[in-house]
Amino acid sequence: MIAKNKVFVSTLIEWSSTIIRDMPWKGIRNPYYIWLSEIILQQTRVEQGRKYYEKFVELFPTISHLANAKIDTILKNWEGLGYYSRARNLHETAMYITKEHQGVFPKTYVEILNLKGVGKYTAAAIASFAYDLPYAVVDGNVIRVLARYFGIKEAFDTSSGKKTFEESAQKLLPNDAASKYNQAIMDFGALVCKPALPMCDTCPLGNSCYAYKKDEVNILPYRAKKTKVEERFFNYFVFTYKNKFYVQKRNAEFWRDLYQFYLIESEKLFSEKEVAKELKKINIHDASMIHTKDLTQKLSHRKIYARFFYIELANKPLFDDFEEISKSKLTNFAFPRIINLYIQNNF
DNA sequence: AAGCCGGGGGC
DNA sequence: GCCCCAGGCTT
């Protein structure tokens, strides 16, 4: 087993010197930029995160730039990336480090792990890439490579399964090459040992890979749970009066702190008659329906059915907690993807 | 331990 | 349609 481990590690490190996977944060030692990149990349493909990383480095070149920014500015630049609590935690942690640590990024694994929005993976990534500390990363790539190569059949999405993979990864880590090895195994998972259609024919680990020999590549790694999808029905009332629009900061379980139009959620999408009833309830009597538009969006565990009612008002509405803005100002606000799609196609 | 948090891309 | 992605937080 020790011999197999050594072959595994040395083969990966050797393989990594033969490939090119260019990423703007690769090889950087500045912990601020590494942290930024790792938060952006949580549950996010490298190709999706790349533009956001470049934008954030440009807009917030130091941690104090980020700390001094407004949360709405950060969210606007995070718009479209998803998991918006990452942006809030990023801001809070930037403020914390600026104030409590004089702007100096923590240098130990435990301190890094204690930062908001930083879990075991991200702490290991920062500790190894910035300081070459011997902590093994365990992300989706690592889980897949280890499960297949060593034939680990425990489900990874349970607490004991996570522990198994973490212990295995830590045991394999060469303490004198933490950064290089962590980078190598993730690159390998992304380029060779891919989730679908892995490149087993040309894989440098092929002749010692458990899954390849047993023909179990397509069933490893094991997952225990399936996510179930819940349907939700959102009726957006897009009120307009004298060329002004009304948006509100959302305070709900998801898309929190993004903006939205007047929203009523229901069991199924409203008909125009039901809209008229709702307008009466909020004391709007002189209104004309200009158009309605349906859109859907799939989230990880939800399907959103949205119907946009564009409603022209004869009188100025009296809303609490809404901002009155002109059409050209809409682009200053961070919206969920489905609202941006609506705006782009109908305004 | 289980459930929740977005959006995009591959097949 | 379903799965996965440089995961973490809350309950």
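These numbers were taken from a predicted model, which means no experiment stands behind them. Here is how names work: the chains are called A, B, and so on, in the same order as the sequence lines, proteins then strands, and each is numbered from 1.
- Rounded to a whole Å, the NZ atom of A/K226 is 17 Å from the C1' atom of B/dA2.
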For DNA chain B, what is the dot-bracket line, given that a base pair needs Watson-Crick (N1 to N3, plus N6-O4 or O6-N4) or G-U wobble (N1-O2 and O6-N3) geometry with both distances under 3.5 Å, and | means paired with another strand? |||||.|||||
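- When all heavy atoms are compared, the tightest approach of A/P221 to A/R144 is CD-CG, 3.8 Å.
- At a threshold of 4.0 angstrom between heavy atoms, the contacts of A/T122 are confined to the sugar-phosphate backbone, with no base atom among them.
- Among A/N89, A/L90, A/T93, the one residue that satisfies the side-chain contact (heavy atoms from CB on, under 4.5 Å) test with A/I39 is A/L90.
- Among pairs with a residue in residues 191-213 of chain A, those fulfilling side chain to side chain donor-acceptor pair (under 3.5 Å) read A/Y149-A/S208, A/K153-A/Y210, at least two apart in sequence or across chains.
- Considering A/F308, A/F333, A/F234, A/Y259 as possible partners of A/I339, the one that fulfils the side-chain contact (heavy atoms from CB on, under 4.5 Å) test is A/F308.
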Give the intermediate values and the outcome of side-chain hydrogen bond (donor to acceptor under 3.5 Å, both in side chains) for residues A/E154 and A/S160. CA-CA 8 Å; A/E154 203 174 340; A/S160 78; 2.9 Å; yes
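- Residues A/F105 and A/Y32 place their aromatic rings such that the two centres sit no closer than 6.0 Å.
- A salt bridge (Lys or Arg N to Asp or Glu O under 4.0 Å) check over residues 44-69 of chain A, counting only residues at least two apart or in different chains, returns the pairs A/E47-A/R50.
- By the 4.5 Å side-chain criterion applied to Ile, Leu, Val, Met, Phe, Trp and Tyr, A/I311 is assigned to a cluster that also includes A/F237, A/F239, A/Y241, A/Y246, A/Y262, A/I264, A/F270, A/V275, A/L279, A/I282, A/I284, A/M289, A/F309, A/L313, A/F319, A/F322.
- For the pair A/D157 and A/H301, both in contact range of DNA chain B, the more 5′-proximal nearest nucleotide belongs to A/D157.
- In 5' to 3' order, the nucleotides of DNA chain C bounding all contacts with chain A (an atom under 4.0 Å from a heavy atom) are C/dC3 to C/dC9.
- Contact annotation: the side chain of A/Y342 approaches that of A/V238 to within less than 4.5 Å [non-hydrogen atoms, C-beta and beyond].
- Where A/K116 and A/E47 each meet DNA chain C at their nearest nucleotide, the meeting point lying more 5' is that of A/E47.
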Distances for protein N/O vs nucleotides 9-11 of chain B N/O pairs under 3.5 angstrom?
none

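- Within a heavy-atom distance below 4.0 Å of DNA chain C, no residue of residues 75-93 of chain A is found.
- For the P atoms, the distance linking C/dT11 with B/dG6 amounts to 15 Å, nearest Å.
- A/Q248 has its side chain out of reach of A/E323: every pair of non-hydrogen atoms, C-beta onward, lies at least 4.5 Å apart.
- A/F245 and A/F347 have tilted rings, their planes meeting at an angle from 30° to 60° on a 0 to 90° scale.
- Residues A/L36 and A/F60 form no side-chain contact, since every pair of their non-hydrogen atoms from C-beta on lies 4.5 Å or further apart.
- Looking at residues two or more places apart in sequence or on another chain, you find no salt bridge (charged side-chain N to carboxylate O under 4.0 Å, His left out) involving A/D176.
- Aromatic ring pairs are classed by plane angle as parallel below 30°, tilted from 30° to 60° and perpendicular above 60°; the pair A/F335 and A/F261 is parallel.
- Taking every heavy atom of residues 248-264 of chain A and every atom of DNA chain B, pairs under 4.0 Å involve A/E253, A/F254, A/W255, by number.
- In summary, the side chains of A/T11 and A/E14 do not present any donor paired with an acceptor at a separation below 3.5 Å, with no hydrogens or angles considered.
- For DNA chain B, the residues of residues 36-44 of chain A within the heavy-atom distance limit of 4.0 Å (strictly under) are A/Q43, A/T44, sorted by number.
- Considering only heavy atoms from C-beta on, A/K163 stays 4.5 Å or farther from A/T158 through its side chain.
- Annotation: proximity of residues 131-142 of chain A to DNA chain B (heavy atom, distance under 4.0 Å) is found for no residue.
- Every residue two or more places apart in sequence or in another chain that forms a salt bridge (charged side-chain N to carboxylate O under 4.0 Å, His left out) with A/D257 is listed here: A/R88.
- By the criterion of side-chain heavy atoms lying less than 4.5 angstrom apart, applied directly or through intervening Ile, Leu, Val, Met, Phe, Trp or Tyr residues, A/L205 is not grouped with A/L220; the two fall into different hydrophobic clusters.
- Partner of A/W78 under the ring pair (Phe, Tyr, Trp, His ring centres under 6.0 Å) criterion, chosen from A/W255, A/F56, A/Y52: A/F56.
- Donor-acceptor pairing under 3.5 Å is lacking for the side chains of A/T122 and A/E38.
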